[in-house]
Amino acid sequence: MFTFYQRSAGELSPFFLAIKNERKILGCKCSNCGLVRVPPMMTHCPDCEFAPTKILEVGQVGKMLSTPPITYFATSMFADKAPFGRGRIILEGADTALSVMLYTTTGILVPGLIKKGTQVKVVFRDERVGQISDIYCLPASELTKEQAAKKGLLESEINWEAPKEPAFPKPTEKDKDNFKHSVKEMQALAVKMSQSKRARRAIEGWKRNIAVKTKAGEFAMAIDNGDFIIEEKKMASPDFVMACEDPKTLLDGLMYKGSITDSVIMKKLWISKNLEFNTIFKLDRLARFLVMEQKEKKSK
Ligand SMILES: [Zn+2]
């Protein structure tokens, strides 16, 4: 949220200029009570009869003050940034909490990854405009020691391409049968979806190659501007990876029995790239649109 007043004042304040130009986080120290506030009260302490404050730099590692909520469906202003956590952190050297966005390099941001007390590190976007969204935090445990210690760490210095896929136990014969059966059903559904005018609209203009890994095998899903194709093969360089122990999780979602989105949030389905949550959302629409068209045909 923002008001025009905050935004115009924000871009010109030393706090935002320091983020934008120097990759520093500024706070202020009260000359009377000694409290260090971040973001700073630029001139006077509101608690000490307006005693003067001094601007100083604080650390870029901090601890979560509480467990942050996660936004999966953002307003249009933040749609390109979701899903993200939003929480308050106490940076080293500060006494008050700063509100920041939170991400992970391990795939999709799910509940439990960042909790109260988790140590987090400030990361600066490469292109900064002088707003609070110029920075966000990652769990410090996902970074190298050097990165965690470095001030002014840039987004482009972080390895986003090696998220850890979940490991599954060895499949039984029953699991293998289940896999074959589920893939066949999904293929049949995909053919129907590709033939449905309405369903095609759900993935119009979208193109993604997805490798799906399950306990008993791997298959490929391709979204190509309305066409939806499922093949039992390994995909060499997918746009992202999905992993779910039981392929039925995905089959149910495509059959419109519960949503795939929920499976992601409930940690039944893992995806390798946070921002591909968008694609998951489109797959849910694909399933919904097909069911809607079938219902309409029936009622005619
Ligand atoms: Zn004070």
Side-chain angles (χ1 to χ4, degrees), residues 1-71 74-75 77-78 81 84-104 109 113-143 145-155:
M1 271 200 329
F2 70 93
T3 66
F4 287 104
Y5 168 72
Q6 276 175 336
R7 197 161 80 145
S8 55
E11 286 161 353
L12 297 172
S13 78
F15 175 71
F16 286 113
L17 287 175
I19 287 178
K20 186 182 167 204
N21 300 329
E22 298 174 80
R23 285 187 263 152
K24 283 182 179 174
I25 309 287
L26 298 184
C28 73
K29 186 170 183 161
C30 169
S31 58
N32 185 49
C33 66
L35 202 73
V36 177
R37 288 188 169 84
V38 181
M41 295 278 175
M42 297 309 300
T43 53
H44 296 92
C45 177
D47 286 339
C48 299
E49 308 261 338
F50 293 93
T53 55
K54 205 180 98 194
I55 295 295
L56 48 77
E57 189 192 350
V58 295
Q60 298 185 1
V61 174
K63 276 200 170 142
M64 297 305 305
L65 189 64
S66 55
T67 299
I70 301 170
T71 300
T75 58
M77 225 181 119
F78 294 107
K81 295 187 170 71
F84 56 82
R86 178 108 205 158
R88 306 208 312 144
I89 54 164
I90 305 267
L91 290 170
E92 270 170 13
D95 296 308
T96 67
L98 176 69
S99 180
V100 289
M101 278 184 165
L102 301 151
Y103 286 98
T104 175
L109 187 62
L113 253 175
I114 303 174
K115 291 181 268 197
K116 178 179 178 174
T118 301
Q119 200 182 43
V120 293
K121 161 82 182 172
V122 176
V123 177
F124 292 79
R125 291 189 195 273
D126 287 69
E127 281 182 32
R128 298 178 299 283
V129 289
Q131 288 179 358
I132 196 65
S133 52
D134 286 350
I135 58 168
Y136 57 85
C137 282
L138 288 175
S141 60
E142 293 179 12
L143 302 171
K145 265 189 187 163
E146 292 74 29
Q147 287 175 329
K150 187 180 177 181
K151 276 197 174 173
L153 182 67
L154 284 172
E155 182 170 48

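Everything numeric in this text was worked out from a predicted model, so none of it was measured. Whatever order the structure lists them in is the order used to number ligands and atoms, beginning at 1.
Scanning for ring pair (Phe, Tyr, Trp, His ring centres under 6.0 Å) contacts around Phe124 gives an empty result, with sequence neighbours left out. Judged as a salt bridge (Lys or Arg N to Asp or Glu O under 4.0 Å), and not counting sequence neighbours, the contacts of Lys151 are Glu57.
Looking at heavy atoms from C-beta onward, Val129 lies in side-chain contact with Asp134 at the 4.5 angstrom threshold.
Remark: side-chain polar atoms of Arg125 are paired, donor with acceptor, to backbone N or O of Ser133 under 3.5 angstrom.
Around atom CZ of Arg86, more than 12 heavy atoms belonging to other residues, nucleotides or ligands sit under 6.0 Å away.
Identified under the side-chain hydrogen bond (donor to acceptor under 3.5 Å, both in side chains) test for residues 24-33, with sequence neighbours left out: none.
With waters neither drawn nor counted, the protein N/O/S atoms under 2.8 Å from the Zn ion (ligand 1) amount to 4.
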